[in-house]
Amino acid sequence: MAFICRFAPSPTGPLHIGGVRTALFNWLLAKKNKGKFYLRIEDTDKERSKEEFKKQIIESLDWIGIKHDDKEYIQSKNINKHKEIAHELLKKDFAYKCYCSEEEIKEQKEKCKKQGIPYVYNRKWRDPKDLPIPKNIQPVIRFKSKISGNSIVKDLVQGEINIANSIIEDFVILRQDGSPTYQLSAVVDDHLMKITHVIRGDDHKINTFKQKQIYEALKWDIPQFAHIPLIHSEKGSKLSKRDMASTIGDYIKKGIISDALRNYLLRLGWAHKDKEIFTLKESIELFDLKGVGKSPSKLDLTRILSLNEYYIKHMDEKKLFELFKVFSKKFRKKVESSKEKSILKSMSFLKNKAKTLDDIYCNSEYILQDDIKISPEDSKLLDSTSKNIIKDFLFQFEKMSNVNKENLEKTFKGLIDKHKTNFKGVGQPLRIVLTGSKFGPGIYDIILSLSKDEVIKRLS
RNA sequence: GGUCCCAUCGUCUAACGGUUAGGACAGGUGGUUUUCAAUCACCUAAUCGGGGUUCGAUUCCCCGUGGGACCGCCA
């Protein structure tokens, strides 16, 4: 069976992680079924749609590895077709012109609110009989919704949803200015694009009942629907732009890598037995709508971090290094070409200490910086004994013909015996002088990652 | 307020109607360790409440409670 799906965001704000997950689920299903995945930019709200958001959407999807088939569809380009269909519905008596002014509608709503009853458009113009047509009002076109009975949608995630038709009002399909609304445009485009599966956030659930009626009026095939629960912020509220970590960019900035976030998003609201780590290939093979839960899930940054740590540890060092370079350039400092070799060599131990690319940066700062600054607090630790140890080490290090772990170990042992101290007594002062910090990679790793000259320079 | 949906450790989630209710993250304890980490071992921690149905209910039904979504000439 053909499997054609789409992700249809509106470029009226930055795409957040919930949208990315929706796109991911669509894409995964398309890949699994050897179908198509399209991206449709729903830019019919001219006021709020912005080119920068469109760009942000495409870049976000691209970063996480979601590639859409064909060029992205731009909904506004199809507006004439939408209008045409609206008029077809009008001609076939599935829709009608409504001459209510906006004030009139507003009044009705307020009245309902006062009385505490739910507002539904009163269908004044559905069957106008001899109502005089106001000359000064441009009509909107409303769809004739079913008035009685019930409708059932078989949702691939939610199961059967049953509602009374009376709560679905005669919704507007063409505005006063003649432009189509979302309900109409979405249906027409989905039909034209031959979409077979509509997978979207469950905030669209009610729309399904409106859209289904348009399909039926036009005698078009109705796609399958799947409404996935929304993602909540860590506080449990709806994800909003104000949440610091809500867009892909927020995570890139933290040094999260693409595979980790993809894996996280996959497992948020979906599970396959006890499996936690999914390669891209595995996610395509194993993903299904049956495994999608029905309740909303909360974002958990520590989980993302832990997944990121896993992916960093298991990543090819060269690849990781490339990601690191891009990250540093963008958010920290460009890695100078003279330091590249040394950093790359050090990836093997740097990655074992890192949860993010930023952690790698912090742990490699001693390589990146030429001037090592020692804090007053750390200076206190450098007493005369420590200074002697450093001097002794430097003396032997300069003579060392072959700098390797074995020789360093020998030297350290000798110093420990001579100064009647322990490993820490030798390691810590050297670490402080070499890196400007008490914390960091193993002392042998540090020494081996720097050139012999550099070590000598720093110890002198 | 109306309509619809949902409900398992703090979090993400497993569990043909029969399990000591499992895993992962976080947290805790201990081992290892030159620091911070990492790592290894172990531990704490959940079926929202109340009724049914059933020999047996996390699982099915009803009620309550709690949470969410929607209620635009936004999408």
Would you sort out whether A:K81 and A:D189 count as a salt bridge (Lys or Arg N to Asp or Glu O under 4.0 Å), showing the intermediate values? CA-CA 9 Å; A:K81 185 68 188 174; A:D189 283 352; over 6 Å; no

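- For RNA chain B, the neighbouring residues in residues 415-437 of chain A, judged by any heavy atom under 4.0 Å, are A:F423, A:K424, A:R431.
- The distance between atom CD1 of A:I228 and atom P of B:C5, rounded to the nearest whole Å, is 18 Å.
- Between A:F393 and A:F412, the two ring planes are perpendicular [angle over 60°; tilted spans 30° to 60°].
- OP1 and OP2 of B:C5 both lie 4.0 Å or more from every side-chain N or O belonging to A:K294.
- Searching all strands for a Watson-Crick or G-U wobble partner of B:C42 with both distances below 3.5 Å returns B:G28.
- Applying the Watson-Crick and G-U wobble criteria (two distances, each under 3.5 Å), B:C4 pairs with B:G68.
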Can A:H197 and A:N26 be said to form a side-chain hydrogen bond (donor to acceptor under 3.5 Å, both in side chains), step by step? CA-CA 8 Å; A:H197 297 255; A:N26 272 286; over 6 Å; no

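- With sequence neighbours left out, the salt bridge (Lys or Arg N to Asp or Glu O under 4.0 Å) criterion links A:E102 to no other residue.
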Before giving the answer on salt bridge (Lys or Arg N to Asp or Glu O under 4.0 Å), spell out for A:K54 and A:D43 the whole-Å C-alpha distance, their side-chain angles and the decisive distance to 0.1 Å. CA-CA 9 Å; A:K54 180 185 143 193; A:D43 59 343; over 6 Å; no

Evaluate A:K146 against A:E216 for salt bridge (Lys or Arg N to Asp or Glu O under 4.0 Å), listing each step before the verdict. CA-CA 11 Å; A:K146 288 177 188 161; A:E216 284 166 350; 3.3 Å; yes

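- Ring pair A:W125/A:Y96: centre-to-centre distance not below 6.0 Å.
- Between the C1' atom of B:A26 and the CD atom of A:E309 lies a distance of 12 Å, rounded to the nearest Å.
- Taking the salt bridge (Lys or Arg N to Asp or Glu O under 4.0 Å) definition, one finds that A:E104 meets it with A:K124, sequence neighbours left out.
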Under 3.5 Å, which protein N or O atoms sit close to an N or O of nucleotides 13-15 of chain B? Give each pair with its distance.
from, atom 1, to, atom 2, distance (Å)
B:U13, OP1, A:G269, N, 2.4
B:U13, OP1, A:S297, OG, 3.3

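- Looking only at atom types and distance, the side chain of A:S437 has no donor-acceptor partner in the side chain of A:T435 under 3.5 Å away.
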Give each protein N/O atom lying under 3.5 Å from an N/O atom of nucleotides 71-75 of chain B, with the pair distance.
from, atom 1, to, atom 2, distance (Å)
B:C73, O3', A:R175, NE, 2.9
B:C73, O2, A:Q176, N, 3.1
B:C74, OP2, A:R175, NE, 2.2
B:C74, OP2, A:R175, NH2, 3.3
B:C74, O5', A:R175, NH2, 3.4
B:C74, O3', A:R175, NH2, 3.3
B:C74, O2', A:D45, OD2, 2.8
B:C74, O2', A:R48, NH2, 2.9
B:C74, O2, A:R48, NH2, 3.4
B:A75, OP1, A:T44, OG1, 3.0
B:A75, OP1, A:R175, NH2, 2.6
B:A75, OP2, A:R175, NH2, 3.0
B:A75, OP2, A:Y182, N, 3.0
B:A75, O3', A:E42, OE1, 2.7
B:A75, O2', A:S10, OG, 3.4
B:A75, N6, A:N207, OD1, 3.4
B:A75, N6, A:N207, ND2, 3.4
B:A75, N1, A:N207, ND2, 3.4

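- Contact of the A:R262 side chain with the A:L265 side chain is not registered, since no non-hydrogen atoms from C-beta on lie closer than 4.5 Å.
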So A:R142 and A:F171, side-chain contact (heavy atoms from CB on, under 4.5 Å) or not? Walk me through it. CA-CA 5 Å; A:R142 288 182 183 269; A:F171 53 95; 5.8 Å; no

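- Within residues 350-358 of chain A, the residues approached by RNA chain B to less than 4.0 Å at the level of any non-hydrogen atom are A:N352, A:K353, A:K355, in residue-number order.
- Atom CD of A:E107 and atom NZ of A:K111 lie 8.5 Å apart (nearest 0.5 Å).
- Pairing for B:G18 is with B:C55, a Watson-Crick or G-U wobble pair whose two hydrogen-bonding atom distances lie under 3.5 Å.
- For the salt bridge (Lys or Arg N to Asp or Glu O under 4.0 Å) test, residues two or more places apart in sequence or in another chain that qualify with A:D170 are A:R126.
- Annotation: side chain of A:V157 is not in contact with side chain of A:H227 (no heavy-atom distance under 4.5 Å).
- Pairs passing the salt bridge (charged side-chain N to carboxylate O under 4.0 Å, His left out) check and including a residue from residues 358-369 of chain A, sequence neighbours excluded, read A:R332-A:D358.
- For the atom pair A:E285 CD and A:L28 CG, the distance stands at 11.0 Å (nearest 0.5 Å).
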Each nucleotide N or O in nucleotides 40-47 of chain B that has a protein N or O under 3.5 Å away: list the pair and distance.
none

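- Closest to the side chain of A:R303, from the set B:C70, B:A69, B:A24, is B:A24.
- Atom CG in A:D202 sits about 13 Å away from atom C1' in B:G67, given to the nearest Å.
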Do A:E42 and A:R40 pass the salt bridge (Lys or Arg N to Asp or Glu O under 4.0 Å) test, and can you show the C-alpha distance, the side-chain angles, and the key distance before you say yes or no? CA-CA 6 Å; A:E42 306 215 325; A:R40 186 170 74 222; 2.8 Å; yes

Below 3.5 Å is the cut-off: list the nitrogen or oxygen pairs between protein and nucleotides 28-31 of chain B, distance only.
none

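- Going from atom CG of A:N363 over to atom C1' of B:A37 covers 8 Å, rounded to whole Å.
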Please step through side-chain contact (heavy atoms from CB on, under 4.5 Å) for the pair A:I256 and A:L305, ending with a clear verdict. CA-CA 7 Å; A:I256 303 295; A:L305 254 18; 3.7 Å; yes

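- Heavy-atom distances to RNA chain B give each of A:H232 and A:K205 a nearest nucleotide, and the one nearer the 5′ end belongs to A:K205.
- Rounded to whole angstrom, the span from the OH atom of A:Y444 across to the P atom of B:U33 amounts to 13 Å.
- Contacts between residues 158-168 of chain A and RNA chain B, counted as heavy-atom distances below 4.0 Å, involve A:Q158, A:I161, A:N162, A:I163, A:I167.
- Counting any heavy atom pair closer than 4.0 Å across all strands shown, A:K438 reaches a base atom.
- Side-chain rings of A:Y182 and A:H204 approach one another, their centers coming within less than 6.0 Å.
- Here salt bridge (charged side-chain N to carboxylate O under 4.0 Å, His left out) pairs that include residues 265-279 of chain A, with residues two or more places apart or in two chains, are A:R267-A:E276, A:K275-A:E282, A:E276-A:R303.
- The pairing partner recorded for B:C74 is none, the criterion being a Watson-Crick or G-U wobble arrangement whose two distances lie under 3.5 angstrom.
- Ring pair A:F324/A:Y361 is tilted by interplanar angle, where 30° to 60° counts as tilted.
- Taking atom CD1 of residue A:I231 and atom C1' of nucleotide B:C6, one finds them 16 Å apart after rounding to whole Å.
- Separation of the A:F7 and A:W27 ring centroids does not fall under the 6.0 Å cut-off.
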